[in-house]
Each structure stands twice: as C-alpha cells, then as structure tokens.
Undergrad: 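Supplied in structure tokens, the structure appears directly below.
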Amino acid sequence: MRLSFRLILSLIVGVTAVSLCFAIYQAQSEVHVQRTEVQRHALTLAEGLERSVEPLLLGGSPRELQDLVNRFRNHESLAGVAVYNTSGRVVATTAGLTYPSWKAPTTIIDSLQKGWARGQFFRLEGEPMHVFAMPVRAGTTIIGAIAIFHNVAYISSYRLEVWKHALAGMGLQTILIIGTTLLIVRWSLGRPLRRMVTWLRDQRIGRTSSEADAPREDIFGPLATEVTQLATSLNAARAAAREEAILREAAESLWTPERLRVSVRSKLNGSRLFVISNREPYEHNYKGNSVVCSVPASGLVTALEPVLRACDGTWIAQGTGDADRVTADDNDRLRVPPDEPLYTLRRVWLTKEEEDGFYLGFANEGLWPLCHIAHTRPNFSPKDWDHYRTVNERFAEALLEEIEGEENPVVLAQDYHFALLPRMIKQRRPDARVAIFWHIPWPNSEAFGICPWQRELLDGMLGADLIGFHVQAHCNNFLETVDYALESRIDWEHFAVNRHDHVTAVRPFPISVAFNGKESIPRNSELSSDERAEIFRQLGVEGTYLGVGVDRVDYTKGIPERFRGIEQLLEEFPSYRGKLTFVQIGAPSRTRIKRYQDFGAEVEAEAMRINRRFQTGNWKPIVFLQRHHSHQEIERYYRAAHFCLVTSLHDGMNLVAKEFVASRSDNQGALILSRFTGASHELADAFIVNPYDTREMAHTIRTAIEMSPLERSARMQRMRAIVRENNVYRWAGSLIGELAGIRLGQIHAATKPPRYDPPVEKPAEELVKAETY
Ligand code: G6P
C-alpha cells in the first residue's frame with residue numbers, strides 16, 4: 001500500500017514537473033510570436049510612410065503632415081504615428097496619441113542620432129506599449145524620424161489565455177499519464193510479478209510446481225530464466241542433500257556429484273583442478289546467422305563433463321568450432337555449460353598444419369591404430385611427430401598460464417594426444433600433481449615397439465605422478481613396455497616405475513557414466529514399447545524387434561562385423577525376417593582421414609548389401625543413420641531397443657555399453673558385448689561375444705531376444721547395480737584421491753597396490769592375452 005502511494009506521489013511530482021516545463025516553454029514561445037508580429041507590422045508601416053513623410057518634412061508643411069498621421073487613428077492595436085524633427089521634437093502626431101514630446105523613448109533618440117530602426121516595449125501610464133522608430137533620410141542626411149505606436153495590452157491577455165490552456169492541458173496530461181502508467185504496472189508487471197512470487201514461494205516450500213509453470217513473460221524473460229536456474233539448482237541441492245541423508249542412513253557407498261565435490265575439495269585441500277584434452281566439451285558453430293552449441297561425440301567428453309560440473313576447475317582443449325573464437329573472451333576462456341555455467345573452458349587454437357600433423361597424423365593415424373589391435377596399419381612420419389611435440393608444448397604453455405599463481409595445482413591430462421605433456425609440466429612446475437589417463441587400450445610391448453618414438457612417449461608419460469588405464473591388463477602391458485624400452489626400475493609389487501628418482505604409480509581406473517540410479521521419469525516396459533512403435537513409424541519401417549548400435553564410425557568398433565551377425569541370424573533363423581530391424585547410429589568421425597572415409601563407405605555398402613538380400617515391403621533388416629545425434633535422441637533408442645550390440649574389435653572401455661544399461665530403468669533390454677572391450681570385464685551379465693565369430697553373434701542375438709523376462713530383468717538389474725556402484729563419480733574420486741595421496745618429490749616405496757577390484761575376477765594372464773589379441 002505504502003509502495004503504491006509512493007509510486008503515485010513520485011509519478012505526480014515527476015509528470016507535473018515535466019508538464020510545467022512544457023507549459024512555460026509553450027507560453028513563452030506563443031508570446032514571442034505575438035511580439036515579433038507587432039515588430040514586423042510596425043516596420044512595414046514605417047517603411048510605407050517614409051516616402052510620404054520625407055518631402056513634407058523637407059517642405060516644412062506641418063498641416064499636411066498632420067493630415068497624414070491622422071489617417072492612422074483607431075487601427076486595431078495601432079495607437080498612432082508620430083513624426084519627429086532632428087532635435088527630437090514632435091512635428092506631427094495622430095490625434096488622441098497622448099505621448100508627450102519630452103518623453104521621447106530612447107529608441108527615437110537612437111534613430112535620430114545613430115540612424116537605427118528599432119522597436120521597444122515600454123509602459124505608458126500603466127498601459128503596455130510598443131514603439132518602432134525609423135530615421136527619415138534625404139539622401140544620406142537624417143532629417144527626422146517616424147515612430148509607430150502600438151497598444152500591446154492584448155499580448156498580456158493572450159499570455160494569460162495561453163497559460164490557462166497550458167495549465168488545463170497539464171492537469172489532463174498528468175491524470176492521463178498517471179492513469180495509463182498505473183494500468184500498465186497493474187496488468188503488465190503486477191500480474192507476472194504476482195505469478196513469479198507464487199511460483200518462487202512454491203519452490204521455497206518445496207511444493208512441486210513444474211518448470212513449465214515458471215513465469216515466462218517477455219518482460220521478465222531473462223529474470224525468469226535466471227530464477228528458474230536458481231530454483232533448479234536449489235532443487236538439485238535439496239535432492240542431493242536428501243540423497244546424501246538416505247545414503248548415510250543406509251550406510252551405502254554410492255558416489256554422487258555431491259559426494260565427489262566434497263571428497264575432491266577435502267582431498268585437494270584448496271588446490272584447483274585442471275583437465276587437458278584435445279576434444280572440447282562444447283563446440284560452437286555457425287548455422288546460418290546464429291551460433292549453435294553442441295557436445296561432440298566422444299567417450300572422453302561423456303565421462304569428464306559430469307566430473308568438471310561437480311568440481312568446477314578449468315578444462316583446456318582445442319577450439320575446433322568455426323564460432324569458437326567469437327564465443328570465448330579475450331583470454332580464450334568461457335564458462336560452460338552455456339545454460340548453467342559451472343566450470344571454465346580454455347580454448348587453444350591450432351593451425352591447420354598443426355592439427356593435420358598432431359591430431360590426424362600422429363595421434364589418429366599413428367597411436368590410435370597402434371594401441372587398438374584392429375588390423376589397420378599405423379603410420380608414423382617425422383613431420384607428424386614434430387607437430388605432435390609442438391602441440392604438446394603449446395598445450396603445456398596454456399596450462400602453465402592457467403596454473404600460474406595456483407599452489408599445488410592438480411592436473412589431469414587426457415589420452416594419447418598428450419603423452420609428452422606430463423614431463424613438460426613437471427619440469428616447470430614440480431609442485432603440480434600430474435596424472436595422465438589413457439582412454440584407449442595399451443598393447444603389448446612388441447606391438448608398441450613399432451612406434452619409432454616409443455622411448456620419448458614413455459619418458460613423457462613417466463613425468464606424471466600417476467598413470468591411469470581402464471583395466472589392469474593395460475597397466476601390465478604398459479609396465480612391460482617400459483621395462484622393455486627404457487632404463488628404469490619397475491616395482492611389480494606396487495605397480496610403479498622409478499625413473500631418474502621419480503616414481504610414477506600405474507593404476508587401473510575403470511571409467512564410467514554419470515549414473516546414480518535415479519531417473520527423472522520412472523519407466524516401465526509399456527513406455528518402451530510405445531517408444532519403439534514411434535521409432536519404427538518415424539523410420540518408415542514395419543518391425544517387431546529393435547536392436548541398436550551407437551558408435552563413432554570407426555574401424556575399431558566392429559560395425560560391419562555386427563551387420564554380418566544380423567545377416568547370419570536372418571539366414572539361420574528365417575522367422576526373424578520381416579520382424580527384426582537393427583538401427584546403427586553412426587557419428588561421422590575423423591572424416592579427413594582416408595581410412596575413415598573408406599570405412600564409412602564400407603559400412604554403408606555392407607548395410608545396403610544385406611538390406612538388398614532380405615528387404616521386403618516396408619521392412620528392412622538394417623537402418624544406418626550416419627549423422628551426429630544428441631544425447632537425448634540416442635537415449636530414446638536405448639530405451640526402446642530389445643538389445644544393444646557393442647562389438648568393438650578392441651576398445652579401452654566403451655561407454656555405450658554403460659550408457660545403455662544406465663538408461664534401462666525399466667530393467668528390460670539385453671546387452672551384447674564384445675569380449676575385447678574394457679566394459680566386458682565389469683558387465684558379466686551382458687552376453688559376451690567375439691565379434692569375429694559371426695555365428696556366435698547370431699546365436700547370441702537370438703538368445704538375448706528369447707530369454708525369459710525374468711532372466712532379462714535379473715541380468716539388467718545386476719548390470720545396473722554395477723554401473724551405479726562404479727559410476728564416473730567413483731572413477732574421478734578414486735583417480736583424484738590416488739593422485740592427492742601421492743607424496744611429491746619422494747620415492748614412495750610404500751605405494752599401495754591397485755585399488756580397483758574388478759567385479760569379474762579373471763586371472764591377470766588371461767587379461768593380458770585378451771588385450772594383446
Ligand atoms: C576416443 C578417444 C577420445 C576421443 C574420442 C572421439 O574416445 O579416447 O580421446 O575424443 O574417441 O574422437 P575424436 O577424434 O573425435 O576426438
């Protein structure tokens with residue numbers, strides 16, 4: 001109430017002041033116009049009279065002069081005309097003009113003495129008057145002056161009238177403006193404000209009103225977005241706190257983003273977290289005139305993004321989008337995720353030559369096929385090696401800039417793109433704790449020995465305090481490679497390497513997905529079958545059974561092998577013809593490398609060949625969708641599929657397998673998983689297959705589809721429990737915990753043995769063999 005009174009009062013004062021200024025201005029201008037008009041009229045008259053007055057003044061005929069001036073009697077506001085001689089004495093004046101000669105206004109004197117033609121306002125016996133005086137000349141000599149007198153009392157009355165109108169207008173204006181403003185406030189601001197207050201109150205007291213109920217009015221658009229995010233964060237914090245309380249109550253050991261945040265904070269003891277990877281988590285690209293932000297297809301990004309969200313910190317990565325520069329600040333930084341900034345992304349720019357040599361050449365034509373035993377020959381060239389070294393230095397420089405002034409920073413270098421970086425960092429910042437996590441397999445020592453720069457790569461990695469792989473077998477292969485290639489001491493008991501008095505621990509940390517067993521939408525099998533029908537409808541396929549595969553189009557993923565598995569199934573079990581459709585989602589990847597172009601064409605051709613063989617009516621066995629799909633799009637397929645095929649020829653972990661399990665909150669669907677993936681070491685309830693064995697694959701698909709609902713659900717529940725327990729928060733917590741526990745600058749003889757106990761117990765011998773296949 002007080003607020004609206006104040007509002008009205010300030011409106012009245014404000015509007016009145018403004019209107020008053022306008023009224024004054026308007027009155028003054030109107031009066032000015034009138035006065036100018038009098039002057040103009042007097043000048044015209046004086047000029048007209050001058051010719052007649054001059055001969056009469058020269059001829060000295062006062063009578064005729066008197067007759068002339070008498071003609072100007074009672075002409076509206078014209079009071080009369082007077083003629084003066086050079087000594088300022090009146091020689092003729094209109095009858096009735098009572099202006100005494102000795103009181104000649106200064107303007108008349110100025111006319112006679114200085115030859116000016118001027119007007120002057122003055123008062124005559126209380127009456128407002130105007131006189132205009134003009135010299136009369138004979139040649140160049142002044143022989144007298146003419147004075148035109150106007151009674152200007154009418155201007156004063158006019159001024160009064162103007163004021164009256166202006167004040168009336170002012171009052172009306174004030175009322176109208178205040179009224180309109182109050183109406184606008186009431187309808188445009190008051191209502192949305194009231195809605196926002198109600199919605200906020202609901203949020204505060206925890207009454208669930210959906211996000212869709214949040215005020216979205218244009219005028220409050222930005223504010224509503226901010227408040228919505230605030231409320232979302234508040235709700236997330238509440239949910240996390242609730243979850244923590246439940247976990248404490250149940251004495252469970254589940255890792256959540258909240259637990260990771262708390263754990264990392266206490267373990268880092270004030271130090272900040274820095275992550276370096278080649279692939280960035282958010283890429284900005286132009287689409288027409290607008291900029292679109294997308295998340296690239298990368299297992300590494302899938303795993304690390306939730307960790308950075310939970311812990312803040314800085315992620316340094318290559319800027320690869322064509323709008324990346326315009327979306328970063330002058331220091332090449334931006335806060336991400338774009339809709340809820342939680343950590344910093346620092347972009348590093350590479351030239352085309354650098355990218356070709358470092359990324360396409362050395363990393364992806366050399367190290368990638370070298371580490372994945374998938375029968376593609378690795379290529380190593382000295383030029384690519386030079387670029388690899390230079391780019392590692394460039395990233396090291398960027399990191400050193402970021403950690404400048406930070407005490408004991410914690411650095412997590414990612415993957416085969418940055419083998420040289422740990423040593424570069426440690427040489428300049430021995431106080432930094434540095435780990436490198438290798439996201440791809442590590443082959444046996446003979447295979448790795450193909451690389452002409454194996455010693456430099458190993459030495460670079462051993463600059464780190466901790467080296468992480470997905471599985472123990474990769475750790476074993478790495479230690480054997482070091483043993484074989486470098487001067488160093490391997491501590492097999494503690495899984496560590498001592499080189500030049502620096503100790504590097506080597507540990508398995510099986511990476512995972514951000515799954516903690518909670519879904520925003522609880523699902524059941526009915527929803528899955530509805531979704532399946534919708535997917536079939538959108539694809540224009542009439543089918544019953546749906547299988548799905550999700551991969552980057554990469555020759556390590558065994559995509560043609562799985563197509564051949566489907567072909568074999570249709571051949572051996574014809575009852576599936578017309579019923580089973582396998583959808584392969586393929587994100588185009590590294591397409592500037594010829595091997596990848598050829599591989600894309602090979603997959604396409606294989607799908608077409610098999611389709612041609614079996615296709616009937618509106619059904620076909622294989623749908624190959626070769627484009628980037630968002631996480632939400634992929635989730636739909638995961639949730640609707642009867643089975644998911646992961647048939648990599650060799651894979652460090654493979655997060656598709658875990659994503660599929662995490663998305664099956666209905667406890668349905670079967671996972672068919674290659675034994676050459678890291679994930680197969682954990683997910684014993686998947687159907688484990690050899691992707692080179694087409695027949696085994698076909699029979700396994702059949703078994704997976706036909707198993708009893710009870711078994712299907714039991715398997716999925718067990719797999720979900722494992723993924724939930726070993727989620728990415730645990731991965732990050734263990735990795736950072738291990739790194740934080742290392743005492744810098746000391747040879748840690750008492751380094752602990754590997755922490756991770758794989759759920760599937762396999763003898764180390766067998767694991768080594770599997771990885772060196
Ligand atoms: C694998 C690698 C990642 C890489 C991803 C996508 O998962 O381990 O480092 O980011 O593939 O490949 P790309 O070359 O597109 O980054």
Side-chain angles (χ1 to χ4, degrees), residues 275-283 285 294-305 307-308 315-321 324 345 347-348 350 354-372 374 376 384 388 391-392 395 412-419 421 436-443 467-471 474 509-513 550-559 585-597 599-600 626-629 631 634 646 648-659 676-679 728 731:
V275 169
I276 305 121
S277 74
N278 173 61
R279 188 56 65 199
E280 58 179 342
Y282 292 95
E283 188 181 76
N285 284 292
S294 60
V295 178
S298 155
L300 178 153
V301 169
T302 308
L304 278 166
E305 157 78 353
V307 176
L308 267 286
W315 186 334
I316 302 168
Q318 191 198 157
T320 44
D324 272 358
L345 170 61
R347 284 174 172 152
V348 175
L350 301 185
E354 282 172 342
E355 205 196 350
D356 286 357
F358 150 78
Y359 168 74
L360 296 177
F362 198 82
N364 286 320
E365 287 189 300
L367 289 178
W368 179 268
L370 178 78
C371 291
H372 289 89
T376 290
D384 290 348
Y388 186 82
V391 171
N392 270 248
F395 273 79
L412 301 183
Q414 303 298 318
D415 232 351
Y416 58 103
H417 309 91
F418 294 112
L421 193 127
I436 179 162
F437 190 81
W438 200 259
H439 289 256
I440 62 176
W442 191 279
I467 299 177
F469 293 97
H470 291 298
V471 293
H474 298 156
F509 299 97
I511 208 162
S512 193
V513 290
V550 180
D551 305 82
R552 284 181 306 102
V553 181
D554 192 300
Y555 53 82
T556 60
K557 300 293 180 185
I559 303 173
I585 292 177
S589 178
R590 305 170 190 168
T591 45
R592 282 170 57 211
I593 299 176
K594 181 153 184 321
R595 175 72 181 97
Y596 281 80
Q597 292 163 10
F599 182 71
Q626 193 168 188
R627 69 165 174 87
H628 181 83
H629 286 68
H631 187 68
I634 294 172
V646 177
S648 310
L649 306 182
H650 204 182
D651 219 331
M653 172 53 69
N654 193 293
L655 290 182
V656 167
K658 293 186 175 180
E659 277 182 347
F676 306 121
T677 59
V728 77
W731 173 79

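Just so it is clear, the model here is predicted, and its values are computed rather than measured. Atoms within each ligand, like the ligands themselves, are counted from 1 in listed order.
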Undergrad: Under 3.5 Å, is there a donor-acceptor pair between the side chain of Asn392 and the main chain of His417?
TA: yes
Undergrad: Have a look at ligand 1 and work out which part of Arg552, if any, has a heavy atom under 4.0 Å from it: side chain, backbone, both or neither.
TA: side chain
Undergrad: May I ask you to check if ligand 1 and Trp368 share an N or O to N or O distance below 3.5 Å?
TA: no
Undergrad: If we only count N/O pairs under 3.5 Å, is Asn278 in contact with ligand 1?
TA: no
Undergrad: Trp368 vs His372 aromatic rings, parallel, tilted or perpendicular, using cut-offs 30° and 60°?
TA: tilted
Undergrad: Among all protein heavy atoms, pick out the one at the shortest distance from atom 8 (O) of ligand 1; state its residue, atom name and that distance to 0.1 Å.
TA: Asp415 OD2, 2.6 Å
Undergrad: List every atom of ligand 1 that sits less than 4.0 Å from any heavy atom of Ala297, numbering the atoms from 1 in the order shown and giving each element.
TA: 6 (C)
Undergrad: When you measure from atom 10 (O) of ligand 1 to every protein heavy atom, which one gives the shortest distance, and what is it?
TA: Ser298 OG, 3.0 Å
Undergrad: With respect to Tyr359, which candidate in Arg279, Glu354, Arg592, Gln318 satisfies the side chain to side chain donor-acceptor pair (under 3.5 Å) definition?
TA: Arg279
Undergrad: I need the minimum non-hydrogen distance between Leu370 and Pro443, along with the two atoms involved.
TA: O-CG, 3.6 Å
Undergrad: With heavy atoms only and a cut-off of under 4.0 Å, state how Ile440 meets ligand 1: side chain, backbone, both or neither.
TA: side chain
Undergrad: Within the 4.0 Å heavy-atom shell around Gly299, which atoms of ligand 1 are there?
TA: 7 (O)
Undergrad: Can you name the closest pair of heavy atoms from Gln626 and Gly600 and give their distance?
TA: OE1-CA, 4.2 Å
Undergrad: Considering distance alone, does some N or O of His417 sit under 3.5 Å from an N or O of ligand 1?
TA: no
Undergrad: Under 4.0 Å from a heavy atom of Tyr359: give me the atoms of ligand 1 that qualify, with their elements.
TA: 13 (P), 14 (O), 15 (O)
Undergrad: Have a look at Arg590, Arg279, Met653, His439 and point out the one with the heavy atom closest to atom 12 (O) of ligand 1.
TA: Arg590
Undergrad: Are the charged groups of Glu280 and Arg347 less than 4.0 angstrom apart, N to O?
TA: yes
Undergrad: Assign the ring pair Tyr555 / Phe599 to parallel, tilted or perpendicular, where the plane angle (0 to 90°) is split at 30° and 60°.
TA: perpendicular
Undergrad: Do Tyr416 and Asn364 have a side chain donor and acceptor closer than 3.5 Å?
TA: yes
